[in-house]
Amino acid sequence: MKSLVCTEPSRFKMQEIEAPIAGEGQVLVKIKSCGLCGSDIHAFRGKQLFFSYPRVFGHELGAEVAAVGPGAEGLAVGDAVSILPYISCGKCIACRKGRPNCCMNISVLGVHEDGGMCEYLALPADYAVKAPGLSWDQLALVECMAIGAHAVNRAKPVPGEWALVIGAGPIGLGAMAFARLAGAKVIAMDIDQARLDFAQKHLGAEKTLNAGKDPATALAKLTDGENAPFVFDATGSQASMEKAIEYLSHAGRLVYIGHFPGSFSLADGEFHKRETTLMGSRNATKADFAQVIAAMASGGLKVEPLITHRAELGEMPDCIEDWLSPGSGLIKGVITI
């Protein structure tokens, strides 16, 4: 079975590995499409927080059920599925509280264990989410959109109020989409004007702020000096994460979606005077996947414009540097298996 392995930072290599089989309670899926995630890029560069080498990348997956193992229920050969890549223990305090996305013993496909940049993958049947009628492209983008949806579901933005999303990469774009679907008025912030224009054209951002052009003054003007009641930081940048509280209204909610391998600090006076509600948002749940799939199926969420780059699996060792080069225009790359 062909697989794409990251053997060390900045090196992909095609390898032949033994094909898996569906064990007890598992399904075997044929991978059809795989999105290249920001965390994959960080890992490729040697800057991923929870990563070790060698590793088969790939956790944004569209697949077809190829075999159903003993005891596996709810799926049949030929079903189109999106893969929930966060394998949880089911026993720890987070799992007992119904939050397996932050399981104490979590194992994420493509991060803690080998993922789906390969031909076949065996996994517990509960982690293959049926999505009839969606394309392989849509299925590959369910996971990254679900991370944004989960963050929005954590914050529960109020219809008609401002929600500022900092960072117009795929995760931030997903947060924008679901904040809009929740009824919030979305403001996109980024240093890249092309990304901001994209967010306004395709993801429903009502307003945009260029982070390099005094966004605090522009935000204050836009909100009559009150700032945004809901702020989502999807940058994974220390500087941005520390500054994000300055854009938050009093009595507001600040949600960190992105992360980085280090520490950041908040000005205590800014934090306390707002009586800030501070949240982290990690991964997504099966309910978030179902929400994304329903939004795609209804036409309320259109993800096809996000796909700017494509390649076959075997082409990735040669094209990855081009994808990641400045000026490539990469928003989301999809790999066909």
Side-chain angles (χ1 to χ4, degrees), residues 1-18 31-62 83 85-87 106-121 137 140-141 143-144 147 167-174 190-192 194-195 233-241 257-264 282-283 306-337:
M1 179 182 75
K2 295 177 182 177
S3 65
L4 181 67
V5 181
C6 189
T7 56
E8 58 186 277
S10 298
R11 187 182 180 195
F12 272 149
K13 182 179 179 181
M14 291 297 299
Q15 290 186 357
E16 287 284 341
I17 61 175
E18 185 176 354
I31 306 299
K32 295 289 190 175
S33 58
C34 177
L36 184 72
C37 178
S39 60
D40 294 327
I41 294 170
H42 293 318
F44 183 74
R45 294 300 195 201
K47 297 179 181 179
Q48 219 279 351
L49 190 58
F50 308 108
F51 204 81
S52 61
Y53 305 87
R55 181 68 67 223
V56 177
F57 285 6
H59 60 271
E60 299 182 354
L61 304 172
I83 303 301
Y86 328 113
I87 311 300
I106 201 164
S107 184
V108 180
L109 298 178
V111 179
H112 304 96
E113 61 182 278
D114 285 344
M117 288 192 186
C118 57
E119 294 180 277
Y120 290 93
L121 187 68
D137 283 349
L141 268 65
E143 193 271 347
C144 71
I147 292 178
I171 300 302
L173 293 171
D190 202 284
I191 59 174
D192 186 330
R195 287 284 183 99
D233 192 293
T235 66
S237 160
Q238 178 183 356
S240 177
M241 292 167 74
I257 313 174
H259 58 76
F260 71 101
S263 301
F264 69 96
R282 188 180 185 193
N283 300 326
L306 277 70
I307 301 172
T308 56
H309 291 62
R310 293 181 181 277
E312 300 289 333
L313 184 66
E315 296 172 336
M316 286 305 294
D318 296 324
C319 73
I320 182 65
E321 291 292 353
D322 289 338
W323 283 22
L324 303 185
S325 64
S328 75
L330 178 69
I331 296 179
K332 175 60 66 176
V334 169
I335 300 155
T336 300
I337 313 295

Check whether any side-chain heavy atom of [X] sits under 4.5 Å from a side-chain heavy atom of [Y], and report yes or no.
X: Cys144; Y: Ile147; value: no
X: Leu313; Y: Met117; value: yes
X: Leu324; Y: Phe44; value: yes
X: Ile335; Y: Glu315; value: no

Would you mind listing every side chain to side chain donor-acceptor pair (under 3.5 Å) that reaches into residues 327-337, with sequence neighbours excluded?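 The answer is Glu60-Lys332.
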According to side-chain hydrogen bond (donor to acceptor under 3.5 Å, both in side chains), who are the partners of [X], at least two apart in sequence or on a separate chain?
X: Thr308; value: none
X: Gln238; value: Glu242
X: Gln15; value: none

Could you give the distance from [atom1] ([X]) to [atom2] ([Y]), rounded to the nearest 0.5 Å?
X: Met1; Y: Ile17; atom1: CE; atom2: CD1; answer: 3.5 Å
X: Ile337; Y: Glu312; atom1: CD1; atom2: CD; answer: 8.5 Å
X: Cys37; Y: Ile171; atom1: SG; atom2: CD1; answer: 5.5 Å
X: His259; Y: Asp233; atom1: NE2; atom2: CG; answer: 12.5 Å

With sequence neighbours excluded, residues passing side-chain contact (heavy atoms from CB on, under 4.5 Å) with [X]:
X: Pro317; answer: Leu4, Phe12, Met14
X: Asp114; answer: Arg55, Val56
X: Ser237; answer: Thr235, Ala239, Ser240
X: Ala168; answer: Leu173, Met176, Asp190, Arg195

If you take all heavy atoms of [X] and [Y], which pair is closest and at what distance?
X: Gly258; Y: Met241; answer: O-CE, 3.7 Å
X: Leu121; Y: Gly115; answer: CD1-O, 3.7 Å
X: Thr7; Y: Lys13; answer: CG2-CB, 4.1 Å
X: Ala140; Y: Cys34; answer: CB-N, 4.3 Å
X: Ser325; Y: Asp322; answer: OG-O, 2.8 Å

Of all pairs that satisfy ring-ring contact (aromatic ring centres under 6.0 Å, His included), the ones with a partner from residues 308-337, not counting sequence neighbours: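 Every ring-ring contact (aromatic ring centres under 6.0 Å, His included) pair that includes a residue of residues 308-337, provided the two are not neighbours, is His309-Trp323.
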Please evaluate residues Glu16 and Lys2 with respect to the criterion side-chain contact (heavy atoms from CB on, under 4.5 Å), reporting the C-alpha separation (whole Å), side-chain torsions for both, the decisive distance (0.1 Å), and the verdict. CA-CA 5 Å; Glu16 287 284 341; Lys2 295 177 182 177; 3.3 Å; yes
Which residues pass the salt bridge (charged side-chain N to carboxylate O under 4.0 Å, His left out) test with Glu321, not counting sequence neighbours?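 Listed in chain order: Arg45.
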Set of residues satisfying salt bridge (charged side-chain N to carboxylate O under 4.0 Å, His left out) with respect to Glu8, sequence neighbours excluded: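 Expected list: Arg11.
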Using a 6.0 Å cut-off, check whether atom CD1 of Ile307 has over 12 heavy atoms from anything other than its own residue.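 More than 12 heavy atoms, drawn from other residues, nucleotides or ligands, come within 6.0 Å of this atom.
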